[in-house]
There are 2 protein chains.
Amino acid sequence: MRRDIFQAIADPTRRGIIALIALQSMTPNAIAENFNTTRQAVSKHLRILTECELVKQEQHGREIYYSLEIEKMKEIDKWLEQYRKIWETRFNQLDNLLATIKSQKNEK
Amino acid sequence: MRRDIFQAIADPTRRGIIALIALQSMTPNAIAENFNTTRQAVSKHLRILTECELVKQEQHGREIYYSLEIEKMKEIDKWLEQYRKIWETRFNQLDNLLATIKSQKNEK
DNA sequence: TATATGTGCAACTTTTTGGTTTCGCAATTT
DNA sequence: AAATTGCGAAACCAAAAAGTTGCACATATA
């Protein structure tokens, strides 16, 4: 089992679950109502999300409320950081190029 | 075949390839040297990356150079945006809380 | 022209994944 | 106490994915 955050967000249903519980915690049954699968399938997704600490659970009687561990999402942001640097550099280079063209125009 | 960007970055070897060709374009053979797999396996990964437009190729004679399509990486950033909003809000709330505590202290 | 090299592609195998069904347990409700 | 409800876990299945091997094709080199 690989069970890292990138593998966790690879599945569209899991991304749906993440979006759903991002703002309020929900029970497996309530979550499953929003998808075209069984409660058990959602339960499996929740297990995977829990295993890589993207989701936390809180038991209330026989109900278990799941919610997003937003801090963990920052890991993706952190990974993206190196590429953000690249595209920002490219953007600045383009910016400089445009500025150069503009100044050349004005010199005419 | 799902073949979206999230599925593409789920595989650790593919993330390795992305990191490798982010700054300079490389041939499949050169890329494969950096991993513990065969050239053909890398080729398959490159195909997947190409199919979801994360990577572009440029043919030079019999060699094919692969490089990262950095623009496509912004899609992940875009998806992350909604969650970034959440953690920034949380951060501000914490900030406000700390400020409140501080001012209460000063009132003593 | 013959040989070597860089490559993609197809067939095949193994592993992983997502889903379903069935079950048992604990907490409610009747 | 009995029935119902909410849940996770295990066993099983089908589909997908990752890797391997063998090939064909084009380009380069001898």
Side-chain angles (χ1 to χ4, degrees), chain A residues 1-21 24-69 72 76, chain B residues 1-21 24-69 72 75-76 79:
Chain A
M1 271 183 277
R2 225 183 311 137
R3 215 96 319 173
D4 64 63
I5 195 171
F6 294 101
Q7 193 256 342
I9 63 166
D11 184 84
T13 304
R14 282 197 289 269
R15 287 200 301 280
I17 293 174
I18 289 173
L20 212 53
I21 62 174
Q24 85 281 27
S25 59
M26 290 173 76
T27 64
N29 265 319
I31 294 168
E33 279 171 16
N34 294 274
F35 300 98
N36 211 13
T37 47
T38 57
R39 199 243 335 146
Q40 282 87 343
V42 167
S43 215
K44 268 183 121 178
H45 286 305
L46 284 169
R47 188 185 169 182
I48 290 167
L49 291 170
T50 305
E51 274 174 6
C52 66
E53 296 171 303
L54 251 172
V55 148
K56 60 173 179 286
Q57 31 182 303
E58 200 179 333
Q59 187 132 12
H60 279 192
R62 69 183 163 187
E63 292 182 329
I64 301 176
Y65 285 86
Y66 287 86
S67 60
L68 184 63
E69 196 74 78
K72 192 71 177 182
I76 304 166
Chain B
M1 269 182 279
R2 228 185 308 137
R3 214 97 318 171
D4 63 61
I5 196 171
F6 294 101
Q7 195 255 342
I9 63 165
D11 185 86
T13 305
R14 282 199 289 270
R15 286 201 302 281
I17 293 175
I18 289 173
L20 212 52
I21 64 174
Q24 87 278 27
S25 59
M26 291 173 77
T27 64
N29 264 321
I31 294 168
E33 278 171 16
N34 294 274
F35 300 98
N36 211 13
T37 46
T38 58
R39 201 245 332 145
Q40 281 87 342
V42 168
S43 216
K44 268 185 123 178
H45 285 306
L46 285 170
R47 190 184 169 183
I48 290 167
L49 292 169
T50 305
E51 274 173 8
C52 66
E53 295 171 305
L54 251 172
V55 148
K56 60 173 180 285
Q57 31 181 301
E58 201 178 333
Q59 187 130 13
H60 279 192
R62 69 183 163 186
E63 292 182 328
I64 300 177
Y65 286 86
Y66 288 86
S67 60
L68 185 63
E69 196 75 78
K72 192 71 177 183
E75 268 189 28
I76 303 165
W79 174 76

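In what follows, chains are A, B, ... by sequence order, proteins preceding strands, each numbered from 1. Here the structure is a predicted model, which means the values were calculated and not measured.
Atom OH in B:Y65 sits about 13 Å away from atom C1' in D:dT27, given to the nearest Å. Separating the CZ atom of A:R3 from the C1' atom of C:dG18 is a distance of 11 Å, rounded to the nearest angstrom. In this entry the distance linking CZ of A:R15 with P of C:dT17 reads 16 Å, nearest Å. In this structure, the NE2 atom of B:H45 is 14 Å from the P atom of C:dG8, given to the nearest Å. Summarising the geometry, the separation between CG on A:L49 and C1' on D:dG8 is reported as 15 Å, rounded to the nearest angstrom. Taking atom CD1 of A:I64 as the reference point, atom P of C:dC25 lies 16 Å away to the nearest angstrom. Between the C1' atom of D:dA16 and the CG atom of B:D11 lies a distance of 14 Å, rounded to the nearest Å. Taking atom CZ of B:F6 as the reference point, atom C1' of C:dT17 lies 19 Å away to the nearest angstrom.
Residues B:E53 and B:E69 are not in side-chain contact: their nearest non-hydrogen atoms beyond the backbone lie 4.5 Å or more apart. Annotation: side chain of A:I64 is not in contact with side chain of A:E58 (no heavy-atom distance under 4.5 Å). For the pair B:I9/B:R14, no side-chain contact is recorded, criterion being any heavy-atom separation below 4.5 Å from C-beta on. B:I17 has its side chain within reach of B:F35: a pair of non-hydrogen atoms, C-beta onward, lies under 4.5 Å apart.
Taking 4.0 angstrom as the limit, B:T13 places none of its side-chain polar atoms (N or O) nearer than this to OP1 or OP2 of D:dA18. Taking side-chain N and O atoms only, B:N29 has a distance below 4.0 Å to OP1 or OP2 of C:dT7. Side-chain N/O atoms of A:Q7 include one lying less than 4.0 angstrom from OP1 or OP2 on C:dT17. The phosphate of C:dG18 (OP1 or OP2) has a side-chain N or O of A:R14 nearer than 4.0 angstrom. The shortest distance between the side-chain N/O atoms of B:T37 and the OP1/OP2 oxygens of D:dG19 is not below 4.0 Å. Close to C:dT20, at under 4.0 Å from its OP1 or OP2, lies no side-chain N or O of A:R39. OP1 or OP2 of D:dT27 has not a single side-chain nitrogen or oxygen of B:H60 nearer than 4.0 Å. OP1 or OP2 of C:dT20 has at least one side-chain nitrogen or oxygen of A:T38 nearer than 4.0 Å.
A salt bridge links B:K72 with B:E75; the closest basic N to acidic carboxylate O contact falls under 4.0 Å.
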Chi angles and distances behind the side chain to side chain contact (heavy atoms under 4.5 Å, CB included) call for B:R15, A:D4: CA-CA 13 Å; B:R15 286 201 302 281; A:D4 64 63; 4.0 Å; yes

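Summary of the strand contacts: A:R62 and B:Q59 both lie near DNA chain D, and taking for each the nucleotide with the nearest heavy atom, the more 5' one is attributed to A:R62. Of the residues near DNA chain C, A:V42 and A:G61, the one whose nearest nucleotide (by heavy atom distance) lies more toward the 5' end is A:V42.
Residue-to-nucleotide contacts include a donor-acceptor pair under 3.5 Å from the side chain of A:Q40 to the base of C:dT22. Taking 3.5 Å as the limit, the base of C:dG19 and the side chain of A:K44 contain a donor-acceptor pair of atoms between them.
Here the side chain of A:A41 is nearest to one of C:dG19, D:dA9, C:dT7, namely C:dG19.
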